[in-house]
Amino acid sequence: MVKSLLEEVMTVSLRRGILYPSAEIYGGLAGFYDFGPIGTRIRNHLVNLWRTRFVENRDFVYEVSGNTLLPSPVFKASGHLNHFTDPSAECSKGHVTRVDTLIEERLKIPAEGKTDKELEAIIQEHKLRCPVCGDPLKEVKSFGLMFGTNVGGERRQAFLRPETAQNIFLGFKRVQTAMRAKLPFGVAQIGRSYRNEISPRQGIVRVREFGQMEIEYFINPDQLNDCPLFEDLAQVSLNFVTREAQEKAMKKSSTDYASIQLTVHEAIKKKVVPNQWMACILGDEVEFFKHLGIPEKAIRFRHMRPEETPHYSGGNFDLEIHLSFGWKEVIGNAYRRDHDLQSHMKGSQKDLSLDIEGKKVVPHVIEPSFGIDRLIYAILEHTYRPKDDTRGWTWFQIPNTLAPYHAVILPLLNRPELEEKASTLFSVCKQQGLAVIYDASGRIGRRYARADEIGIPKAVTIDPQSLEDETATIRDRDTGNQTRHLISQIPIILKP
RNA sequence: GCGGUCGUGGUCUAGUGGUUAUGAUUUCGGCCUUCCACGCCGAAUACCCGGGUUCGAAUCCCGGCGACCGCACCA
């Protein structure tokens, strides 16, 4: 059996404790994965890296942490509820039809608020058929995107959020007043979201519960071309797929889109992006990605086509990563104008505008939204190194900043003197805040292999010479080369 | 959701109605050993779940669950 790269990476991940199916001993549940001990470490490192760059290093970004379960009026206002509980039916040929609109159009009967069963009864009664091919329609199902439940004694309807963003809009006024924030400012959130995908696919790339790292940048609509990050990011080079390039390719019924290379500065000048803020946000992402081990040529920004974006969008740019099964969205960058705040103003009857020089201003929003799980998969796939002639085992060339541990400490031989020295070094490293593990079992080559397989960048070996001159070797994961250092210096050398 | 392929120790795998269910590797214990899974000995661990057919099912049938691929879906 030939395994796809996806299956290979998933198998290694399973074996090495990176991730595994949720509730696996009960057969699992499609679209749900747990991170194991190694995966959790990598995930935490990724999240920390993100937080450091986009929150801690910015004095105008505040991080919040919202609940995943929210009452239904939130999603009525946001539009998720209407958009995602369309009752549909399928015919025997597989055409899916929205039955509420069908009933209203054909029979002039209002379908609003009817249950699936009631709609099905109407279809049966009036013998409605598939509008495409005329075949009979099967049972009516609501393909709801959101997981719903009921809360408390009153059984109030609530849903698991399909994106982290809503909490930020809901708490917008609180954050702004509490932090005395002036436009522009950002509110960040790292959390989980839920979408009841019809068919999850490709391991952790399309799952039903997933992690997101999002920022809503709130910007005065008059200052969209006045981004404080511009100076730092103007020269960052971006790879764009324009709408024109997509149209051109689609005419030839190809999905092989041509891309163009532009700096942040040029992208603004040539109006490839709607405003300076958007360009800077994209540039910021490219800079962040330089630390993740994904080659630059595997990253592009695709301008979403009009039919892919909602009416209120001022331009969406997906950061896509090339994976073994094609280009995949990993970050959605959406210029949402004032849509979200306006919707919640209407829905809640609360004023979410800001007073700026005596004028009521509803900020515009640009939202970069990172999918944590697919980003981790992309990192794993791009840093995965299969067995070859030089190395008889698979390994991950994960950047040091993301690797699960800084180093592994190994006594070369099974001798008390060596083990004692090694475990002393191990304790010292831990005291110095290094993430290290200790491994004394099996022959040395096997232990190097074990460390490589989870991407540990350095292996420190205590050998008989260590007893004589207080030195030890450091093996580099990427080259296999060893260098000898004073043991007292090793914790300093290992510091990232 | 539809269709195709598939489901055996942690991993990979042999096994087309009756086997102590194959082998490798991993893991663990022991020995050996001055550095890249490739020295030796030993041990542990498996037929996805539920029904059915049959004297007897890992094997055949039905249903479910899960994986991969294609279509559809992915505001």
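Chain letters run A, B, ... following the sequence lines, proteins first, then strands; residues in each count from 1.
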How many Å lie between CZ on Arg484(A) and P on rU34(B), as a whole number? 15 Å
May I ask you to verify whether the side chain of Glu163(A) and the base of rA75(B) hold a donor-acceptor pair under 3.5 Å? yes
Glu453(A) and Thr394(A) side chains, donor-acceptor separation under 3.5 Å: yes
Lys421(A) with Glu470(A): basic N within carboxylate O range, under 4.0 Å: yes
Glu7(A) side-chain proximity, nearest of rC68(B), rU34(B), rC35(B): rC68(B)
Validate the cation-pi geometry between Arg43(A) and Phe35(A): distance from NZ or CZ to the six-membered ring centre under 6.0 Å, angle to the ring axis within 45°. yes
Counting the atoms with a prime plus P, OP1 and OP2 as sugar-phosphate, which does Gly28(A) contact under 4.0 Å by heavy atoms, base, sugar-phosphate, or nothing? sugar-phosphate
When you get a sec, tell me which of rU33(B), rC74(B), rG66(B) is the closest nucleotide to the side chain of Leu413(A)? rU33(B)
Whether each nucleotide of nucleotides 42-49 of chain B has a protein heavy atom under 4.0 Å at its base (B), only at its sugar-phosphate (S) or at neither (-) is summarised, 5' to 3', as --------
Rounded to whole Å, the CD-C1' distance (Glu419(A) to rU33(B)) equals 14 Å
Expressed in whole Å, how much space separates the C1' atoms belonging to rC68(B) and rG30(B)? 42 Å
Once you round it to whole Å, what is the distance between P of rA67(B) and OH of Tyr26(A)? 18 Å
What does rC74(B) pair with, Watson-Crick or G-U, if both distances are under 3.5 Å? none
Suppose we define a pair by two distances each less than 3.5 Å, Watson-Crick or G-U wobble; what does rC68(B) pair with here? rG4(B)
Under a 3.5 Å limit for both distances, which nucleotide forms a Watson-Crick or G-U wobble pair with rU27(B), could you say? rA43(B)
Tell me yes or no: between the side chains of His485(A) and Thr483(A), is some donor less than 3.5 Å from an acceptor? yes
Please give the distance between the C1' atoms of rG9(B) and rG70(B) as a whole number of Å. 33 Å
Could you state the CZ-C1' distance from Arg15(A) to rA37(B), rounded to the nearest angstrom? 11 Å
Is a salt bridge present between Arg415(A) and Glu420(A), judged by a nitrogen-to-oxygen distance below 4.0 Å? no
Between Glu197(A) and Arg195(A) (salt bridge meaning N to carboxylate O under 4.0 Å), is one present in this structure? no
Flag if over 12 foreign heavy atoms under 6.0 Å of NZ, Lys495(A): yes
Output every pair passing side chain to side chain donor-acceptor pair (under 3.5 Å) with a member in residues 373-382 of chain A, not counting sequence neighbours, ordered by first then second residue. Ser324(A)-Glu381(A), Tyr377(A)-Glu381(A)
Whole-Å P distance, rC40(B) and rU26(B): 12 Å
Note, Gln212(A) side chain near Arg192(A) side chain (heavy atom, < 4.5 Å): no
Any residue in residues 466-481 of chain A with a heavy atom nearer than 4.0 angstrom to RNA chain B? Just list them by number, or reply none. Thr473(A), Arg475(A), Gly480(A)
Would you say the side-chain atoms of Ser259(A) and Asn239(A) include a donor-acceptor pair closer than 3.5 Å? yes
Pairing nucleotide - rC36(B), Watson-Crick or G-U, each distance under 3.5 Å: none
Write down the distance separating the C1' atoms in rA57(B) and rC47(B), rounded off to the nearest Å. 11 Å
Could you walk me through whether Arg475(A) and Tyr448(A) pass side chain to side chain donor-acceptor pair (under 3.5 Å), step by step? CA-CA 9 Å; Arg475(A) 170 187 178 274; Tyr448(A) 288 146; 5.6 Å; no
Please state the P separation for the pair rG42(B) and rG23(B) - nearest whole angstrom. 13 Å
Below 3.5 Å, does any donor atom in the side chain of Arg201(A) face an acceptor in the base of rG70(B), or the other way round? yes
Pick the P atom in rG7(B) and in rA44(B), then give their distance to the nearest Å. 28 Å
rU22(B) - base-pair partner by Watson-Crick or wobble geometry, distances under 3.5 Å: none
Just to be sure I understand the rule, does Leu410(A) reach a base, reach only the sugar-phosphate, or reach nothing, if contact means heavy atoms closer than 4.0 Å? nothing
Any N or O donor-acceptor pair under 3.5 Å from the base of rC35(B) to the side chain of Gln482(A)? yes
How about Tyr33(A) and Tyr20(A): are their ring centres within less than 6.0 Å of each other? no
Quick one: Lys387(A) NZ to rC36(B) C1', roughly how many Å, whole number? 14 Å
Within 45° of the axis and under 6.0 Å from the centre of the six-membered ring of Trp327(A), does NZ or CZ of Arg300(A) qualify? yes
Return yes if a side-chain donor-acceptor contact under 3.5 Å exists between Glu8(A) and Thr11(A), otherwise no. no
Which of these passes ring pair (Phe, Tyr, Trp, His ring centres under 6.0 Å) with His303(A): Phe240(A), Tyr257(A), Phe317(A), Tyr335(A)? Phe317(A)
Listed nucleotide nearest any side-chain atom of Asp463(A), set rC74(B), rC35(B), rC69(B): rC35(B)
Side chains of Ser343(A) and Asp340(A), donor plus acceptor under 3.5 Å: no
Interface with RNA chain B, restricted to residues 309-333 of chain A and to heavy atoms under 4.0 Å: none
Give Gln465(A) one of three labels, base, sugar-phosphate or nothing, depending on what nucleic acid heavy atoms sit under 4.0 Å from its own. nothing
Could you let me know what rU54(B) is paired to, Watson-Crick or G-U wobble, both distances under 3.5 Å, or none if it's on its own? none
Can you see whether Gln482(A) engages Asp476(A) through a side-chain donor-acceptor pair at a distance of less than 3.5 angstrom? no
Considering only the P atoms, how many Å lie between rG29(B) and rU22(B), rounded to the nearest integer? 25 Å
To check you understand the geometry: which heavy-atom pair defines the closest contact between Leu292(A) and Thr383(A), and what is its length? O-CG2, 4.4 Å
Among the candidates rG66(B), rC73(B), rA67(B), find the nucleotide nearest to the side-chain atoms of Arg206(A). rC73(B)
Base-pairing mate for rU16(B) - Watson-Crick or G-U, with both contacts under 3.5 Å: none
If you only use heavy atoms from C-beta on, which nucleotide in rC69(B), rA75(B), rC35(B) is closest to the side chain of His80(A)? rA75(B)
Atom C1', compared across rG10(B) and rA37(B): separation rounded to whole Å: 16 Å
Under a 3.5 Å limit on both distances, the Watson-Crick or wobble mate of rG63(B) is rC49(B)
Arg391(A) or Glu308(A): which one's nearest nucleotide on RNA chain B is closer to the 5' end? Arg391(A)
Does a side chain donor of either Arg477(A) or Gln397(A) reach within less than 3.5 Å of an acceptor in the other side chain? no
Quick one, which residues of residues 440-458 of chain A touch RNA chain B with a heavy atom under 4.0 Å? Ser441(A), Arg443(A), Ile444(A), Gly445(A), Arg446(A), Tyr448(A), Ala449(A), Arg450(A), Glu453(A)
With a 4.0 Å heavy-atom cut-off, tell me which residues in residues 378-385 of chain A come close to RNA chain B, sorted by residue number. none
Between Thr390(A) and Asp388(A), a side-chain donor and acceptor under 3.5 Å: yes
